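Below is one structure, written out as structure tokens; comments come after it.
A note on names: the letters A, B, ... follow the listed sequences, proteins ahead of strands, and every chain is numbered from 1. What you see is a predicted model, and the numbers here were worked out from it, not measured in a lab.
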Amino acid sequence: MSETDVHYDVHAVEEKWLPVWEKLDTFRADDDVVRSGGREKRYALTMFPYPSGDLHMGHAEVLALHDVIARYWRFRGYEVLNPMGWDSFGLPAENAAIRNDEHPATYTYANIETQLASMKRYGLSFDWSRRLHTSDPEYYRWTQWLFLKLREQGLAYRKNSPVNWCPNDQTVLANEQVVDGACERCGAEVTKRELTQWYFRTTAYAQELYDRLDDLQSAWIGKVVNAQRNWIGRSEGAHVTFEVEGHEPMTVFTTRPDTLWGATFMVVAADAALATELVSDDQRQALEDYLVDVRKETDIDRLATDRPKTGVFLGVHATNPVTGEQMPVWASDYVLADYGTGAIMAVPAHDQRDLDFARVMGLPVRRVVDTGEDNPEESGVATTGDGVYVNSGPLDGKSDKAAGISEAIAILERNGHGSGTINFRLRDWLLSRQRYWGAPIPIVHCPVDGEVPVPEDQLPVELPELRGADLKPKGTSPLGAATDWVNVACPACGGPATRDTDTMDTFVDSSWYFMRYVSPHDDTQAFDTELANAWGPIDLYIGGDEHAVLHLLYARFFTKALRDAGLLDWDEPFSAYLSQGKVINNGRKMSKSLGNGVNLGDQLAEFGVDAVRLTLVFASPPEDNIDWADVSPGGSVRFLQRAWRLSGDVTSAPGVDVSTGDVALRKITHKTVHEIAQLLESYRFNVVVARTMELVNATRKAIDSGCGPADPAVREATEAVAILLSLVAPYTAEEMWERLGHEPTVAQAAWPTVDPELLVDESVTAVVQIQGKVRARLEVSPGISESDLEAAALADPAVTKAIDGRQVRKVIVRAPKLVNIVV
RNA sequence: GCCCCGGUAGCCCAACGGCAGAGGCAAUGUGCUCAAACCACAUCCAGUGUGAGUUCGAAUCUCACCCGGGGCACCA
């Protein structure tokens, strides 16, 4: 056997097939077919990349996983929408532009071309005709249009409030972008600033965003559903209203209305407007002083759990609606301005935070639930569990918490002092950014007309040409410096006005890109509603866990908002969601400082595209991390060569009648194809590869020591291997397909038809257990009846010996596989 | 503190409540070779984190605990 028969050149086949595939353009999605319902659709989507340099191992993994399902669906006869694009607005381009004294577009579009070339080489089944970039004016025109659409619906608004501020990036951040008090991107300690900013009213959909998670539970990976649930943070409780002398009544949210009898004071968030409204003249200065201290705190300070409670008395009292008592109203930073109503009723006996505050300030503690534990007033430990109500009027003597809460709510509702309610932790989405490389907010501020939307026919509001040092962060938006751009005539009155100088959070761009893919070149609308309804929602979305709450939640919000705007008829964008694990090395995240980075380009050069893809898919279930030190791309190379070698051994002609082939091998082939289809449906891609390996092993054995290379069953098996392998290793598969005497491309081959008769064995092994331990095996027909199997088992000499004359008390029969005899 | 997910050979991972091992890596041996690589074949290896429970039968279901990973957290 010559060298060339044992190996193929992995790089030569890449060169060979790329232009062929390009020409065949196999993966173009046909809008007409789905529009007419001519074929069932599938929409496969992977989070589009940000163009920072070339692709890395993480991209390689998600792209490989994604391509398996996209190619599989195509084989199964679905019309598949499989687009790719770039999330190309963002800070790294801006920082590069400052560094290199150039325009952010230079860095951005150069990297896009690099990544595009890498993706093509990587052999992916994308429909490149739908490629989009969020930084193109043709795209962000519609981002701006959608912003205005949401504003029309009351879902985008401007307000002044303390916001998260990253002193390093010199921009505000959404709550979701603050992790442990630090900027998610650069790690700088986040501070607060009082600014007027744009928000999307995500809270308007809190209930629906939360409730629909139940439907996503089974088709989304559990931890992401859990993360969203925690982030939205639903709490059941009540609103309770307290009269305040000389003021409007104040309302609080509580999850424990049943402890209202134990409320002894009130606390208002110091930085809430309510505190300033309520404070008496005597106490005004004290509050001002306290606020100075509070504003100095960073989130990191606030997150410290056991720091001492501070606060000031506001000089007013509220009336407890059930006891009639006068309760002092305090301000403190332990109450959050933007959760609930920004004020609480304090029940120190049964809430540790309130108890801590009461003890520092010398406020009364009254126990209203006797849990059998020490009295909190003496112990300093609040009791939060179930117990018997005391000092609680109508609740006294009862002990069921749930019933107590319902009864308290009923009393409040009767008296007009409150009602049951559900509160969410979710906040509105702060979308203004004081940076350059994003979509400008299409609003003009006019001294006469106020906020005026830029008319639709004037969109897009294009970015002014700024570069290099113009973009240096200075705490206000760089766009403000482009005076020619900023100063415009008011669209409403024609008078002098100024443009909004902030740009949108880049998460806005990515909240609707999956809709744009259905009609990416349409210059009359954001997306074609009919096509969006035909293609959507996305049948499988794959991406990283880092977007578990950010992007996925925002995309869900946008989908609901656009549905309510009449632009879509689906409620949830992603029917199934799969998260990809990280590619790590030697137990650690890859990083420059650790020196353990693995370069994708180097891996591709060493092992070839197919082997790298196969390694990533085979290594573990998709959501698990892959430790590159634990896997063997060399092993993948060997396997692929072994599979390929089969195609050279087949001696029967293409189209040979396989029905006369070796039955044993045919059964293996059909069973494997059958099982792999099921595995693919549940995204168990690593097992798919393992099963393909088994088929290769079985075929090898048949050739060498079984039916021989001329048997039609060998051709059938090898063709099946080529088709199965094309999901993961398209170059090897294509090469096999050609050697098997077929025209390119294997991607257009018919998925092997499974013959149900070949899935059934003539005989199966039934195990006979006695007391759950295996004592004998019987070869039986798969159709054997339970009574026949039982009789056969009891007649078996090994079984009678094991029973040893003992009384048979019970026989469990699971024909045809198992008999268990209990003695 | 609350909520999710996981724990199976040296390693990565399989196993509708029914024989714990499919596949791969590593290791060892044999064949091929002048030799090595490649290739082929073979061998080796765990009783499923711990403890209870349910069951004829538990890696699988239930409970508690331990360990690891993730989400939320002064959220009332």
Side-chain angles (χ1 to χ4, degrees), chain A residues 1 3 6-7 180 221-235 237 252-256 259 267 269 302-307 309 332-336 338-347 350-354 356-357 384 423-427 545 548-549 579 581 614-615 618-621 623-627 629-639 641-642 645 672 675 679 684 686-697 700-701 704-705 765-777 809-814 817-823:
Chain A
M1 199 187 273
E3 263 312 286
V6 186
H7 293 289
D180 293 335
I221 181 123
K223 61 180 166 182
V224 172
V225 176
N226 184 246
Q228 294 225 352
R229 224 173 241 138
N230 287 338
W231 187 261
I232 300 169
R234 180 181 191 273
S235 302
V252 303
F253 173 74
T254 176
T255 55
R256 292 296 302 275
T259 61
V267 187
R302 278 189 87 129
L303 284 169
T305 41
D306 50 1
R307 80 200 167 100
K309 294 280 183 286
S332 173
D333 65 349
Y334 86 91
V335 172
L336 306 177
D338 54 1
Y339 181 76
T341 63
I344 62 155
M345 65 179 212
V347 185
H350 307 297
D351 183 290
Q352 191 62 47
R353 297 156 300 183
D354 296 344
D356 293 343
F357 191 81
T384 54
N423 199 52
F424 294 93
R425 203 198 70 100
L426 184 71
R427 314 296 208 273
D545 292 340
V549 287
S579 58
L614 184 89
T615 303
F618 180 49
S620 68
E623 65 274 18
D624 288 3
N625 288 345
I626 296 172
D627 193 329
D630 288 339
V631 297
S632 170
S636 298
V637 172
R638 285 199 296 277
F639 163 70
Q641 297 284 0
R642 243 167 32 161
R645 232 174 285 127
T672 301
E675 197 183 346
L679 290 165
R684 316 239 350 250
N686 56 324
V687 190
V688 168
V689 174
R691 291 285 175 269
T692 309
M693 287 173 169
E694 286 176 59
L695 181 55
V696 169
N697 293 344
R700 179 83 262 155
K701 199 168 251 175
D704 291 346
S705 57
T765 305
V767 298
V768 185
Q769 299 176 333
I770 292 162
Q771 311 290 63
K773 290 207 164 58
V774 179
R775 297 296 184 193
R777 289 158 208 278
R809 304 207 351 234
K810 194 170 174 186
V811 181
I812 293 106
V813 184
R814 294 282 177 275
K817 294 182 70 176
L818 178 132
V819 180
N820 189 17
I821 299 164
V822 186
V823 295

inquiry  = Rounding to an integer number of Å, can you tell me how far A:Arg638 CZ sits from B:C39 C1'?
reply    = 10 Å

query = To the nearest Å, how far apart are A:Gln352 CD and B:G1 P?
reply = 13 Å

Side chain to side chain, A:Val822 and A:Gln771, heavy atoms closer than 4.5 Å = yes

Got a list of protein N/O to nucleotides 2-6 of chain B N/O distances below 3.5 Å?
| from | atom 1 | to | atom 2 | distance (Å) |
| --- | --- | --- | --- | --- |
| B:C3 | O2' | A:Asn226 | ND2 | 2.9 |
| B:C3 | O2 | A:Asn226 | OD1 | 3.3 |
| B:C4 | O4' | A:Asn226 | ND2 | 3.2 |

query = Using the ring of each side chain (for Trp, its six-membered ring), is A:Tyr334 parallel, tilted or perpendicular to A:Phe357, with breaks at 30° and 60°?
reply = tilted

ask   = Does a nitrogen or oxygen in the side chain of A:Tyr339 sit under 4.0 Å from OP1 or OP2 of B:A76?
value =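 Answer is yes, contact under 4.0 Å.
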
key: Below 4.0 Å: OP1/OP2 of B:A76 and any side-chain N or O of A:Ser235   = yes

Describe the nucleic acid contact of [X] in one word from base, sugar-phosphate, nothing, applying a heavy-atom distance below 4.0 Å.
X	value
A:Ala690	base
A:Arg642	sugar-phosphate
A:Asn697	sugar-phosphate

Interface polar pairs with nucleotides 55-57 of chain B, N/O, under 3.5 angstrom:
| from | atom 1 | to | atom 2 | distance (Å) |
| --- | --- | --- | --- | --- |
| B:C56 | OP1 | A:Lys810 | NZ | 3.4 |
| B:C56 | O2 | A:Asn820 | ND2 | 2.2 |

ask   = Does a donor on one side chain and an acceptor on the other come within less than 3.5 Å for A:Arg425 and A:Asn230?
value =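 Short answer, no.
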
note = Checking N1-N3 plus N6-O4 or O6-N4 for Watson-Crick, or N1-O2 and O6-N3 for wobble, each under 3.5 Å, the partner of B:A40 is B:U30

query = Distance between the C1' atoms of B:A14 and B:G23, in whole angstroms?
reply =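 Comparing C1' positions in B:A14 and B:G23 gives a spacing of 8 Å.
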
query = Of A:Asp338 and A:Lys701, whose nearest nucleotide on RNA chain B comes first from the 5' end?
reply =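 Looking at the nearest nucleotide for each, A:Lys701 comes out on the 5' side.
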
note = Each nucleotide of nucleotides 7-16 of chain B classed B (base within 4.0 Å of a protein heavy atom), S (only sugar-phosphate) or -, in 5' to 3' order, makes ----SSSSS-

